[in-house]
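Every number for a ligand or one of its atoms is a count from 1 in the order of the listing. Note that the structure is a prediction, hence the values are computed from the model and not measured.
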Amino acid sequence: MRTPLIAGNWKMHKDHRQATDLVRELDSLLADLEGVEVAVCPPFTALGEVSRLLEELSSRIVLGAQDVYPAKEGAFTGEISPGMLKALGVRYVIVGHSERREILGEDDDFIAAKVRAVMDEGMVPILCVGETLEEREDGRALSKVEGQLQKDLAPVRAEEISGLVVAYEPVWAIGTGRTATPDDAQEMNAFIRSWLAERYGEENASEVRILYGGSVKPDNAAELMAMPDIDGALVGGASLKATDFAAIARFRD
Ligand code: PEP
């Protein structure tokens with residue numbers, strides 16, 4: 001049984017004060033939620049405050065980060081190590097988000113190193129994969145995602161795979177208001193699971209949570225989550241408003 005994960009990617013929104021306000025509101029809206037894991041991924045500058053607040057509230061919400069640098073320490077100006085995140089109580093780390101691939105030019109080798117570094121620190125990577133609109137229209141969506149999985153998961157061994165989350169995020173659906181249909185998202189998530197099964201074995205693959213991300217909102221969450229291979233959502237814009245994010249996390253209500 002895979003527990004659904006609803007993770008909020010706040011991107012470059014919310015300073016540390018706004019972040020704690022949002023977490024307080026979310027915590028009270030979600031205090032009685034059972035059977036769904038909820039994570040928030042604030043900017044680095046808010047992680048410390050949010051971590052302390054979650055502890056103070058004995059909250060069920062878990063902490064995630066939006067990125068990491070794949071080295072233990074060193075001369076990497078501006079970067080944050082896996083150990084620094086772990087020390088703040090971070091459990092999930094988003095890796096390979098399309099905005100970092102596209103805007104910051106991150107390639108698959110770098111992303112694979114991040115996946116390894118996050119796992120080595122005992123945290124869980126949320127590996128984002130997905131195709132552009134052009135690739136989808138040319139019929140190359142599956143091959144694009146397969147290529148990303150092959151490279152980004154190269155350093156991951158079969159016995160480690162259950163400690164991984166994959167998020168299918170079609171680039172054309174991120175922040176655009178355009179959502180993949182539940183059938184399209186299911187098709188890709190099932191493809192990802194079958195790829196994992198072929199490489200790591202059926203049993204291991206059946207434990208991996210595969211999320212969908214791309215304009216998830218309160219009014220489309222339930223139909224997406226009803227699909228057999230969609231085990232939760234990575235939510236951008238709608239995670240910035242407590243009532244919307246809580247409604248998504250309560251997709252079963
Ligand atoms: C994201 O950036 O991971 C995302 C899914 O954004 P949005 O929900 O705004 O499309």
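Below 4.0 Å from some heavy atom of G214 lie the following atoms of ligand 1, by number and element: 5 (C), 10 (O). Applying the 4.0 Å criterion to heavy atoms of K11 picks out, from ligand 1, the atoms 1 (C), 2 (O), 6 (O). Taking every non-hydrogen atom of S215 and a distance limit under 4.0 Å, the qualifying atoms of ligand 1 come out as 7 (P), 8 (O), 10 (O). The ligand atoms of ligand 1 that sit less than 4.0 angstrom from a heavy atom of G237 are 7 (P), 8 (O), 9 (O). Ligand-side atoms of ligand 1 in range of I174: 1 (C), 2 (O), 4 (C), 6 (O), 10 (O), range being under 4.0 angstrom from any heavy atom. Annotation for ligand 1: atoms under 4.0 Å from non-hydrogen atoms of H97 are 1 (C), 2 (O), 3 (O). Close approach of ligand 1 to G175 (heavy-atom distance below 4.0 Å) involves ligand atoms 7 (P), 9 (O), 10 (O).
Residue contacts with ligand 1 for A173 involve N, CA, C or O but no side-chain atom from C-beta outward (heavy atoms, distance under 4.0 Å).
For the pair R2 and E37, the salt-bridge criterion is not met [side-chain N within less than 4.0 Å of a carboxylate O]. R52 and E49 are joined by a salt bridge, as a carboxylate oxygen and a charged side-chain nitrogen come within less than 4.0 angstrom of each other.
A side-chain donor-acceptor contact under 3.5 Å links D231 to the backbone of I210. Panel note: side chain K217, backbone A238; no donor-acceptor pair is recorded below 3.5 Å. Listed for the D108 side chain is no donor-acceptor partner under 3.5 Å among the backbone atoms of G147.
Residues that satisfy the salt bridge (charged side-chain N to carboxylate O under 4.0 Å, His left out) test with R100, not counting sequence neighbours, are D67, E106. With sequence neighbours left out, A113 forms a side chain to side chain contact (heavy atoms under 4.5 Å, CB included) with P70.
Of the protein's non-hydrogen atoms, the one nearest atom 5 (C) of ligand 1 is E169 OE2, 3.1 Å. Atom 4 (C) of ligand 1 has its closest protein heavy atom at G236 N, 3.6 Å.
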Please evaluate residues E121 and L85 with respect to the criterion side-chain contact (heavy atoms from CB on, under 4.5 Å), reporting the C-alpha separation (whole Å), side-chain torsions for both, the decisive distance (0.1 Å), and the verdict.
CA-CA 9 Å; E121 205 57 61; L85 298 178; over 6 Å; no

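The distance criterion of under 3.5 Å between nitrogen or oxygen atoms is not met by L234 with respect to ligand 1.
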